[in-house]
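Model, not experiment: these values are computed from the prediction. We count ligands from 1, going down the list as the structure has it; atoms in each ligand are counted the same way. Numbers here are sequence positions counted from 1.
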Amino acid sequence: MLILGIETSCDETSAAVVRDGCDVLSSVIHSQAKLHEKTGGVVPEVAAREHVAYIIPVVRKALDDAKISLSSLDAIAVTKEPGLLPSLLIGLQTAKTISFATKVPVVETHHTVSHIYSNWLERDASEIMFPLIVLTVSGGHNDLVLMESHSRMRVIGTTLDDAAGEAFDKVARLLGLGYPGGPRISHAAKSGKRDAYDFPRAWLFDSVRNGNKRKMSFDFSFSGMKTSIRNFIAGRKLAEAEIADIAASFEEAVCDVLSRKLCEAAQSFGAREAHLAGGVSANGRLRELVSERLKPEITLRYPVKLEYCTDNGAMVASAAYFSRNNSFFCQGI
Ligand code: KG4
Ligand code: ZN
């Protein structure tokens, strides 16, 4: 089954052709990061205008690279939600217009589910074992999902405030490191000390949901950590070495919380695999801590390429293929 995936939910204009959910025949991503660096974050209308300028060339290149004509496609998958509305509309209208002209059906996908399927790209699907736990962590979302099959997914934890990627972006801005914050913080952290500052970790012991005061909740909260850093640096002129130490200590604190909750969830739900997905899954320290802490019998996976961690059309096509019969999946025209 050949699916064209289109992704425009935030600041990447992307299209890809994927065969049977795993085999990536082409993947084209136009990142708008340079454009948004000027404003230190994504301005929705600016992002939408950039999608308008790039969506047709990106789709055309994806088809050309895959050596596929529109008429040989089985479906066009496109991100429906969640995301920035003006950005989403460009992808949706493009998919529906191509569908109107070619009669190829449109399949609308959920963005978080698409990130989950980034771990199927360029892998043999028969090797991935259920049940598994996925930590999807990016600028807009931060969820722990228990996946028992392609049609049984349950969110067992989510963020109560900021997603980790959003915290990376905000702290990078406070430190004057620019956008996007994740890679900038990681770069600055290389020359800093991880234990220079002990920024607060929100473990959130959940007495209500678990009926047991001592049980850690699988929900997340990063706004307190961000505020603590804001208060810490307020009114101070930071030397380069201090910025590096703050970046390293902040990265450590975020990755400590993410990795502990993922590993604990994997163990308590009897998962055979633990997956990292979303923009923050590109983070080297997060990958390192999870592989140190995960029980050896649980398989750790993260996307095979860095470009599949952040937003991309290939994961959208894969999600459409594997979840074509489930309720997360919204059928289009
Ligand atoms: O998945 P994505 O492209 O978009 C959303 O769905 O939000 O993720 C973007 C987020 C940004 O917040 C960015 O700072 C973060 O992923 N990110 C990283 C890294 N690379 C990207 N965070 C930590 N470390 C990284 N290496
Ligand atoms: Zn995303």
Quiz prompt | Residues D169 and K226 bridged, charged N to O under 4.0 Å | solution = no

Quiz item: In terms of atom number and element, which parts of ligand 1 are under 4.0 angstrom from non-hydrogen atoms of P183?
Solution: 19 (C), 20 (N), 21 (C), 25 (C)

Quiz prompt | From S87 atom OG to D11 atom CG, the distance as rounded to the nearest 0.5 Å | solution = 8.0 Å

Exercise. Could you tell me whether the side chain of K261 and the main chain of W203 form a donor-acceptor pair under 3.5 Å?
Key: yes

Quiz item: Are the side chain of T112 and the backbone of D143 linked by a donor-acceptor contact shorter than 3.5 Å?
Solution: no

Quiz item: Is it true that E273 and R301 make a salt bridge, defined as a side-chain N closer than 4.0 Å to a carboxylate O?
Solution: yes

Self-check item: Over 12 foreign heavy atoms within 6.0 Å of CD, E148
Solution: yes

Quiz item: Polar-atom distance check: F168 versus ligand 1, any N or O pair below 3.5 Å?
Solution: no

Quiz item: For atom 3 (O) of ligand 1, what is the nearest protein heavy atom, given as residue, atom name and distance?
Solution: D311 N, 3.0 Å

Exercise. Quick one: look up the protein heavy atom nearest atom 12 (O) of ligand 1 and list residue, atom name and how far away it is.
Key: D169 OD2, 2.8 Å

Self-check item: Sub-6.0 Å ring centroid separation between F250 and Y197
Solution: no

Quiz item: Under 4.0 Å between a Lys/Arg side-chain N and an Asp/Glu carboxylate O for E242 and R236?
Solution: yes

Practice problem: Can you figure out which of A163, G182, G165 has its heavy atom closest to atom 18 (C) of ligand 1? | Solution: G182

Practice problem: For E251 and ligand 1, answer yes if some heavy atom of the residue is under 4.0 Å from a ligand atom, otherwise no. | Solution: no

Exercise. Give the residue and atom name of whichever protein heavy atom lies nearest to atom 24 (N) of ligand 1, and the separation in Å to one decimal.
Key: N283 ND2, 3.1 Å

Quiz item: Can we say R123 and E127 salt-bridge, meaning some charged N sits less than 4.0 Å from an Asp/Glu carboxylate O?
Solution: no

Quiz item: So do the side chains of I185 and L175 get within less than 4.5 Å of each other, counting heavy atoms only?
Solution: yes

Practice problem: Check each atom of ligand 1 against the heavy atoms of H111 and keep those under 4.0 Å away; list them by number with element. | Solution: 6 (O)

Self-check item: Proximal protein heteroatoms (N, O or S) of the Zn ion (ligand 2), under 2.8 Å
Solution: H111 NE2, H115 NE2, D311 OD1

Self-check item: L306 versus A282, closest heavy-atom pair with distance
Solution: CD2-CB, 3.7 Å

Quiz item: Mind checking whether G181 has a heavy atom under 4.0 Å from ligand 1?
Solution: yes

Quiz item: What protein heavy atom is closest to atom 5 (C) of ligand 1, reported as residue, atom name and distance in Å?
Solution: S138 OG, 3.2 Å

Exercise. Would you mind checking which non-hydrogen protein atom is closest to atom 17 (N) of ligand 1, with the distance to 0.1 Å?
Key: G279 O, 3.5 Å

Exercise. Please identify which atoms of ligand 1 are closer than 4.0 Å to at least one heavy atom of H115.
Key: 1 (O), 6 (O)

Self-check item: Residue pair R201 / R260, side-chain heavy-atom distance below 4.5 Å
Solution: no

Quiz item: Do any N/O atoms on G139 end up under 3.5 angstrom from N/O atoms on ligand 1?
Solution: yes

